[in-house]
Amino acid sequence: MARQFFVGGNFKMNGTIKSITDIVHNLNNAPLDPKTEVVLSPPALFLLLVREHLKPEIEVCSQNVFDKPNGAFTGEISAEQLADSKITWAMCGHSERRVILKEDDQFIASKTKAALDGGLGVILCCGETLEQREANQTIDVVTRQLSAIASKTKDWSKIVIAYEPVWAIGTGKVATTDQAQEVHAAIRKWLGDTISKEAADKTRIIYGGSVSDKNCKELAKQSDIDGFLVGGASLKPAFVDIINARQ
């Protein structure tokens, strides 16, 4: 069975009540490809606002989740709280959290397991820095990051892997179509070798890193690219064109 195309919009730490409500209303009224699964990830403050106003076909994702169900963890948010609020996805492992907030592979794996155990889907981010790419370490880095998750769970049915080369996030630089497809194919091979053939066949691997309405159609044609995790462009009307990249 073909993998359903998946497009996530990561608003990062951007937006106000008005601007995010405007984005939601625009998406509610836009002609979106019915074959594409769409998930929005606003700042935590606006998760309930978005869920309340967004049409039910589009799901909502937290940009973070903690690895404990409750307790004295100031500033954190649990999988149980998200599920109770009808927030059905959580993002784990984004490079900005790995680099700025020093989240390591094991902590990200622990958070991923907590999210899965709590019934959430997980957008699991992985990717290499420019230095690592230039040292030909891309596949080693990405599979190391994924191996940490594999040590915690063998069920990848609710994981979407987002390959995001760190050097292409918010820089305007984009991995060439061939570069992106090469890494996606390597990830799929790793899934088959490490998890199962079923995981390799069914797990969606999406690309992130300065995706725009200009480059999305070419990327979407690649056999192992199953969608996108979109940053800044998800705040703009052109996000609709990215969602419809396969039409």
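- Each salt bridge (Lys or Arg N to Asp or Glu O under 4.0 Å) pair with one or both residues in residues 212-233, not counting sequence neighbours, appears once here: Arg3-Asp226, Arg188-Asp224, Arg188-Asp226, Glu218-Lys221.
- Listed by chain and number, the hydrophobic cluster partners of Leu229 are Phe6, Val39, Trp89, Met91, Ile123, Val160, Ile206, where partners are ILVMFWY side chains within reach of under 4.5 Å, directly or through others.
- Grouping Ile, Leu, Val, Met, Phe, Trp and Tyr by side-chain contacts under 4.5 Å, direct or through others, leaves Val99 on its own.
- Every residue two or more places apart in sequence or in another chain was checked for a salt bridge (charged side-chain N to carboxylate O under 4.0 Å, His left out) with Asp33, and none qualifies.
- The salt bridge (charged side-chain N to carboxylate O under 4.0 Å, His left out) test applied to Asp193 returns Lys189, not counting sequence neighbours.
- Contact between Ile242 and Ala233 at its shortest, heavy atoms only, is CD1-CB, 3.9 Å.
- Counting heavy atoms from C-beta on, the side chains of Gln181 and Ile225 come closer than 4.5 Å.
- Residues in residues 4-19 take part in these side chain to side chain donor-acceptor pair (under 3.5 Å) pairs, two or more places apart or across chains: Lys12-Glu96, Thr16-Ser19, Lys18-Asp22.
- Legend: residues meeting ring pair (Phe, Tyr, Trp, His ring centres under 6.0 Å) with Tyr163, ordered by chain and number and at least two apart, are His184.
- Sorted by first and then second residue, the salt bridge (Lys or Arg N to Asp or Glu O under 4.0 Å) pairs involving residues 115-129 (not counting sequence neighbours) are Lys113-Asp117, Glu128-Arg133.
- For Ala220, the side-chain contact (heavy atoms from CB on, under 4.5 Å) partners are Phe5, Phe228, Ala245, Arg246, not counting sequence neighbours.
- In this structure, the salt bridge (charged side-chain N to carboxylate O under 4.0 Å, His left out) partners of Glu198, at least two apart in sequence or on a different chain, are Lys202.
- Annotation: salt bridge (charged side-chain N to carboxylate O under 4.0 Å, His left out) contacts of Glu57 (sequence neighbours excluded): none.
- Remark: Phe66 pairs with Phe73 by the ring pair (Phe, Tyr, Trp, His ring centres under 6.0 Å) rule, at least two apart or across chains.
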